[in-house]
A.B. asks: 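If you scroll down you'll find the structure; I have some questions about it.
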Amino acid sequence: MKVGVLALQGNFREHAAMLRRLGADAVEVRKPEELAGLDGLVVPGGESTTFMRLMRLYGLDEAIRQFERPILGTCAGMIVLDRDHLGLVDLEVDRNAYGRQVASFEADLRLEGEAEPLRGVFIRAPRVRAMGEDVEVLAEHGGEPVLVRDGRILVASFHPELTEDTRVHELFLSAVREATSVRA
Ligand code: GLN
């Protein structure tokens, strides 16, 4: 499985390292043509305004809109994929929406179908304001969705690449594997 990690800015190295640990061939993506032949794509955390600016500059915004394989977006990646930005996931999110005092925090999350809690690292995280009916909630924090799936797209408001827990990436890679076998 060849999985691209958008490498314009932010936590792309940590995502690539985790994908490699799980046996995927992770490649850094900086140009639209580098999306060709990929089985999946990760849009990492970082700074969403910077991502949008650089993506427009390189034509990656349109190229990612056309990309049809599974996508994992984390933190700023969740913002970039939402209705107000690339429009790939049926969500509206507010940036930096946790108050100043709790701008960054960690919490144990209950993951759908799993007994073992998932440690969520939230760093100036976005907060889901609205979501479409078809969006599935896979984990919540304080009654609000923090890990959701909209068809082939999985987004987390936290940073699964900053812990040793590989379950979010495994979930993404199983969608990648499934989509690849359908295509084959
Ligand atoms: N606060 C950042 C933004 O608005 C997201 C933070 C992150 O990705 N860790 O883009």
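Here, residue 1 is the first one in the sequence, and each next residue gets the next number. Quick caveat, the model's predicted, so the values are computed rather than measured. Order of listing sets the numbers, starting from 1, for every ligand and every atom in it.
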A.B. asks: With respect to I71, which candidate in V176, D150, L6, I153 satisfies the side-chain contact (heavy atoms from CB on, under 4.5 Å) definition?
C.D. replies: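 Among V176, D150, L6, I153, the one meeting side-chain contact (heavy atoms from CB on, under 4.5 Å) with I71 is I153.
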
A.B. asks: Starting from atom 7 (C) of ligand 1, find the nearest protein heavy-atom neighbour and note its residue, name and distance.
C.D. replies: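 Its nearest protein heavy-atom neighbour is C75 SG, 2.8 Å.
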
A.B. asks: Under a 3.5 Å threshold, yes or no: a donor from one side chain and an acceptor from the other, between T74 and H15?
C.D. replies: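 Their side chains do contain a donor-acceptor pair, which is all the 3.5 Å distance test asks for.
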
A.B. asks: What residue and atom, counting heavy atoms only, is the protein's closest point to atom 4 (O) of ligand 1, and at what distance?
C.D. replies: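 Protein heavy atom at minimum distance: R95 NE, 2.6 Å.
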
A.B. asks: Looking at E170 and R167, is any side-chain nitrogen of the basic one under 4.0 Å from a carboxylate oxygen of the acidic one?
C.D. replies: no

A.B. asks: For F12, does the six-membered ring have the charged nitrogen or CZ of R30 within the cation-pi criterion, i.e. under 6.0 angstrom from the centroid and within 45° of the normal?
C.D. replies: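 Output yes; distance and angle both within limits.
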
A.B. asks: At less than 4.0 angstrom from any non-hydrogen atom of I79, what atoms of ligand 1 do you find?
C.D. replies: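 Contacts of ligand 1 toward I79, numbered from 1: 3 (C), 4 (O), 10 (O).
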
A.B. asks: For ligand 1, indicate whether the residue R124 contacts it via side chain, backbone, both or neither (heavy-atom separation under 4.0 Å).
C.D. replies: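 For R124, the contact with ligand 1 is made by both the backbone and the side chain.
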
A.B. asks: Take atom CZ of R152 as the centre, draw a 6.0 Å sphere, and report whether it contains more than 12 heavy atoms from other residues, nucleotides or ligands.
C.D. replies: yes

A.B. asks: Measure the distance from atom 10 (O) of ligand 1 to every protein heavy atom, then report the residue, atom name and distance (to 0.1 Å) of the closest one.
C.D. replies: S48 N, 2.6 Å

A.B. asks: With nothing but distance in play, are any N or O atoms of H159 less than 3.5 Å from an N or O of ligand 1?
C.D. replies: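 Yes - when backbone and side-chain N and O of H159 are compared with those of ligand 1, one distance drops under 3.5 Å.
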
A.B. asks: Determine whether the side chain, the backbone, both or neither of T74 has a heavy atom under 4.0 Å from any heavy atom of ligand 1.
C.D. replies: neither

A.B. asks: Which option out of G73, P126, G46, G45 puts a heavy atom nearest to atom 5 (C) of ligand 1?
C.D. replies: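 Considering heavy atoms of G73, P126, G46, G45, the nearest to atom 5 (C) of ligand 1 sits in G46.
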
A.B. asks: Applying a strict under-4.5 Å side-chain criterion to I, L, V, M, F, W and Y, I'd like to know whether V137 and L154 cluster together.
C.D. replies: no

A.B. asks: Could you tell me which atoms of ligand 1, counted from 1 in the order shown, lie closer than 4.0 angstrom to a heavy atom of I123?
C.D. replies: 6 (C), 7 (C), 9 (N)

A.B. asks: Nearest protein heavy atom to atom 1 (N) of ligand 1, by residue and atom, and its distance?
C.D. replies: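 Closest protein heavy atom to atom 1 (N) of ligand 1: N96 OD1, 2.5 Å.
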
A.B. asks: Does R21 pair with E164 as a salt bridge, N-O distance under 4.0 Å?
C.D. replies: yes

